[in-house]
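These notes concern the structure reproduced below.
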Amino acid sequence: MAKNLLIVESPAKAGTIEKYLGKDFVVKSSYGHIRDLEKKETGVKIEDGFEPVYVIDPDKKKLVTELKKLAKDAEMVWLATDEDREGEAISWHLAEALKLNPDKTKRITFNEITKPAVLRSLENPRTINNNLVDAQQARRVLDRLVGFELSPVLWKKVKPALSAGRVQSVAVRLIVEREREILDFKPETYFKVNGKFKNTKGELFKAEISDKLNSEAEVKEILEAVKGDHFSVKDLQVKPGKKTPAPPFTTSTLQQEASRKLSFSVSQTMGVAQKLYEAGYITYMRTDSVNLSETALNGARDAITSEFGNKYHKQRQYTSKSKGAQEAHEAIRPTDFTRAEISGDNQAQRLYELIWKRAIASQMSDAEIERTTVLLENNAINYDFRAKGEVIKFDGFLKVYIESTDDEPAEEAGILPSMTIGESIAYDVITGTQRFTHHPPRYSEARLVKKLEEQGIGRPSTYAPTISTVQKRGYVVKEERPGKERSYIQLELAGKEVARSQKTEITGAEKGKLFPTDIGMVVNDFLVENFEGILDYGFTAEVEDQFDRIASGEIQWKKMIEKFYGPFHETVENTLEHSERATGERHLGEDPKTGKEVIARIGRYGPMVQLGKTDEEEDKPQFASLRSDQSIATITLEDALELFKLPRVLGELEGKKVQANIGRFGPYVQWGSTFASLKASGLDPMEVDYDQAVELIQEKVKADKEKTINIFDGKPVIKVLKGRYGPYIAVGRKNFKIPKGFEPEELDRAQCEQIINEAPAKKTKTKKKK
DNA sequence: CAGTGAGCGAGCTTCCGCTTGACTT
């Protein structure tokens, strides 16, 4: 039996450490937290001074039993969870849940997994820091209280099954507010003038007027003034400059860079990184630290000097600048710097390469560059043309890695031909182009992560889950949206001709950007209006400050929570009692024909428009659902009136109506209970005629017949159908597999009902039960 | 399965942060 039990959070880490420590140690993993607040109710005894009620995660019962047994038999238990607030709490929960004997328990920490670091930690044991544990309890309880009191307010006032929380609600707010800025944005127009020039040797280069010009007339004046004339070099400056490498990756910068360079989604990046970590290729991927261990610095140095030579190496230690960083781990880096490539699938290889390059580059020399600026003048105009050149004198880290930016890539400053002051310069072509100011960019997943990190909201382990939560709740959608065509003016001077042309470009096209939904906007507005304090961007920073004071022993955690909860709970009660249901109602105007009011709002089945008031007794209002490409925020009166024209009744066939409509899944024609989609034919439901509709319906009836084995009318209608994967039972939109022992051809209604009732519950439900 | 949109009530939903597998179409 091993003398020592050492517990860490991650199993991969446990494996590595076990190798360092030899046979006197058995190293196990807690797999993160082992206990959490009880899930029913709030899990906090509010009247009892906010006493938390912890339960062991049902999935962890077996693990806890195993650890308990190992701990009992060991002479010493070493709690080696991460060196941060959560890690300290995990150790404390372990001590409590395993009923560890304090005399036989030691707390140790290391923020890098190297043999010397681990051995050193064993020499410097301490006890559990209860203040830090209390800070974690405060964090946990506050998040629970906020989440479990706010969410039910939404169920009552907006829609069931919605959610709100300290992190997710602020994430949604960022996206909603950005969208509003974009909706309110009015582009302004201006002109930029640039040109191609030739020096006396006939070498070509580009130059531009840096100022934005206000009008076409002004541009025209400039072009006319310099027509047929030469420029001269007014000024020429050469300045040395340097570029420094970016620090090695943290979770957030890895997500951003993988998004830009590899087009990975945030969760995709984390999945691939997890595999690299488990395979031992990289260090831990959930970290907010840019720190590199001594071992890593040496490894990088050796790899760089042997690969590129001594002068390419420069040792650097970076310091973290993100708010609330806890730095329990190293930066993300390769475990072996000499391994430039790995085997594995394409995604793994590419992500590894990115991590390797970034970490290697961070320990390389600055790039030395020479920046040249040339000014060209012509006395007939008040502006100078400016040409910029850049020459790399020593490439340094640029040899392996160039960091990308979110902004549009600036035009590459290339090498300028040599020139002297006073030299006569001819133009080849000078172009004045109309430009438009651009609205602030929509968030991509990675940009949102960056923003959250800057505000100190969320942690490396939660960035990816937060983004999927706000999408799962339907607050936000990640979408591709087509742009619009826009025309612009171009004036071009070539030779002695100034030509004017009108050109078109596509603007505003978006790919993989986050858009708020109607429900996202309504929930956000409701929360901002009623819970400004929680939704405030500074809220997390404020409470983090309090948590720090708990950690330093300055204040008591339950008192801090009490202070927060009193006013918060009062606001919850107040809102429940006094605030109206939030429907996001927007008045669009009046129907010109009837004079009735038209509004857009969220109804029981989603976003809708309504014609006429609800309270009118005789004249019932008309309703219509919005199409998926429409939203309450942007729909116009005209679009709304169009919606009321559907469904269109086209005629009758065998006593049943033939009609055209747009449903949740697109446009369709309908005859009784037969639905035929218009998607494939591209027909417009507003224009499709009776004959076209009947043809589509007959085709559909025929196709349905071919796969129908039996139909049982009545409520509900049950069909037995032939599918691609064999026969199945269809009820509404739900399908059921026919179990063994039943003959599809011979099923009767009762047997079908039996199969439906006995069908196993849906996957999502069984998953939650576990 | 084909027109809905109000409110009631039972019983359900929900938070953030630590960690990995075990599930099928």
Side-chain angles (χ1 to χ4, degrees), chain A residues 8-14 29-37 39-44 57 59-60 63 81-82 84-90 93 136 139-155 159-169 271 274 277-278 284 286 326 328 457-463 465-466 469 473 540 581 583 601-610 614-615 620-625 647 657 659 661 663-664 668 670-675 713 715-719 724-725 730-733 735 737 760 763-768 770:
Chain A
V8 293
E9 289 178 39
S10 145
K13 212 189 257 186
S29 157
S30 74
Y31 292 79
H33 275 292
I34 53 155
R35 302 200 305 187
D36 190 18
L37 295 175
K39 248 215 175 61
K40 48 178 185 186
E41 305 292 312
T42 47
V44 180
D57 182 337
D59 288 351
K60 299 276 175 70
L63 172 73
T81 53
D82 295 349
D84 60 13
R85 199 164 63 203
E86 297 297 327
E88 203 68 20
I90 291 173
H93 280 300
Q136 192 276 347
R139 199 280 304 154
R140 181 66 192 92
V141 167
L142 179 119
D143 281 336
R144 170 56 69 85
L145 291 173
V146 169
F148 275 39
E149 293 218 1
L150 279 191
S151 301
V153 177
L154 295 180
W155 305 343
K159 207 180 121 177
L162 295 176
S163 68
R166 174 175 59 82
V167 173
Q168 58 166 285
S169 296
Q274 176 85 32
Y277 168 66
E278 283 166 13
Y284 198 57
R286 288 186 277 265
Q326 306 198 8
I457 299 168
R459 303 278 310 131
S461 67
T462 60
Y463 296 138
T466 298
T469 299
R473 298 276 173 274
T540 290
R581 266 191 87 81
T583 61
R601 64 181 173 94
I602 296 207
R604 242 211 299 180
Y605 310 103
M608 58 175 269
V609 282
Q610 179 178 341
T614 318
D615 44 9
K620 282 195 174 167
Q622 210 184 328
F623 304 106
S625 295
K657 274 191 276 185
Q659 46 188 344
N661 199 359
R664 259 183 304 171
Y668 62 89
Q670 179 189 354
W671 174 63
S673 63
T674 304
F675 292 75
D713 285 323
K715 284 244 166 182
V717 176
I718 297 173
K719 293 178 187 172
R724 252 201 301 174
Y725 310 106
V731 185
R733 292 213 163 267
N735 297 335
K737 213 166 117 181
K763 196 167 60 174
T764 48
K765 280 199 175 164
T766 51
K767 212 173 190 179
K768 268 175 196 162
K770 265 203 229 166

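These numbers come from a predicted model, not from an experiment. In what follows, every chain begins at residue 1, and chains take the letters A, B, ... in the order their sequences are listed.
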Secondary structure of DNA chain B in dot-bracket form (Watson-Crick or G-U wobble, distances below 3.5 Å, | marking inter-strand pairs) = .........................
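For the pair A:Phe148 and B:dT14, the ring geometry qualifies as stacking, because the centroid separation is below 5.5 Å while the planes lie within an angle under 30°. Both thresholds, 5.5 Å between centres and 30° between ring planes, are met by A:Trp155 relative to the base of B:dT13, so the two rings are stacked.
Although no hydrogens or angles enter the test, the distance criterion places no donor-acceptor pair under 3.5 Å between the side chain of A:Thr81 and the main chain of A:Val8. No donor-acceptor pair closer than 3.5 Å links the side chain of A:Asp82 to the backbone N or O of A:Asp84.
In this model, no donor atom of one side chain and acceptor atom of the other lie less than 3.5 Å apart for A:Ser461 and A:Arg286.
Applying the 4.0 Å criterion to OP1 and OP2 of B:dT20, one finds that A:Ser10 has a side-chain N or O inside that range. In this model, the phosphate group of B:dG5 is not approached by any side-chain N or O of A:Arg581 to a distance below 4.0 Å at OP1 or OP2. Put simply, A:Ser151 has no side-chain N or O that comes within less than 4.0 Å of OP1 or OP2 on B:dT13. Within the 4.0 Å cut-off from OP1 or OP2 of B:dC15, at least one side-chain nitrogen or oxygen of A:Ser163 is found.
Relative to the side chain of A:Ile90, the nucleotides B:dC15, B:dC18, B:dT20 differ in distance, and B:dC18 lies closest. Across B:dT20, B:dC18, B:dT4, the shortest atom-to-atom separation from the side chain of A:Ser625 is found for B:dT4. Closest to the A:Tyr284 side chain, of the nucleotides B:dA2, B:dT19, B:dC15, is B:dT19. Minimum atom distance to the side chain of A:Gln168 is reached by B:dC16, of the listed B:dG5, B:dC16, B:dT19. Of all nucleotides listed (B:dA6, B:dC16, B:dC18), B:dC16 comes nearest to the side chain of A:Arg140. For A:Pro152, whose side chain is taken as the heavy atoms from C-beta onward, the closest listed nucleotide among B:dG21, B:dC15, B:dT14 is B:dT14. Here the side chain of A:Glu86 is nearest to one of B:dC15, B:dC18, B:dC16, namely B:dC18.
At whole-Å resolution of the value, NZ in A:Lys60 and P in B:dA22 are 14 Å apart.
Put simply, CG on A:Leu154 and NZ on A:Lys159 are 11.5 Å apart, with the number rounded to the nearest 0.5 Å. Interatomic distance, A:Asp143 CG to A:Thr540 OG1, rounded to the nearest 0.5 Å: 8.0 Å.
In this model, no side-chain donor or acceptor of A:Arg459 finds a partner on the base of B:dC18 within 3.5 Å.
Within the nucleic acid shown, A:Gly165 comes within 4.0 Å of sugar-phosphate atoms alone, with no base atom in reach, counting heavy atoms only. Note on A:Ser30: nothing from the nucleic acid sits closer than 4.0 angstrom, heavy atoms only.
Using atom P as the reference point in both B:dG5 and B:dC1, the two lie 16 Å apart (nearest Å).
When the nearest nucleotides of DNA chain B are assigned to A:Asp143 and A:Glu278 by heavy-atom distance, the more 5′-ward of the two goes with A:Asp143. Taking for each of A:Val146 and A:Arg286 the nucleotide of DNA chain B with the nearest heavy atom, the 5'-most of the two is the partner of A:Val146.
For A:Arg144, there are no side chain to side chain donor-acceptor pair (under 3.5 Å) partners at least two apart in sequence or on another chain.
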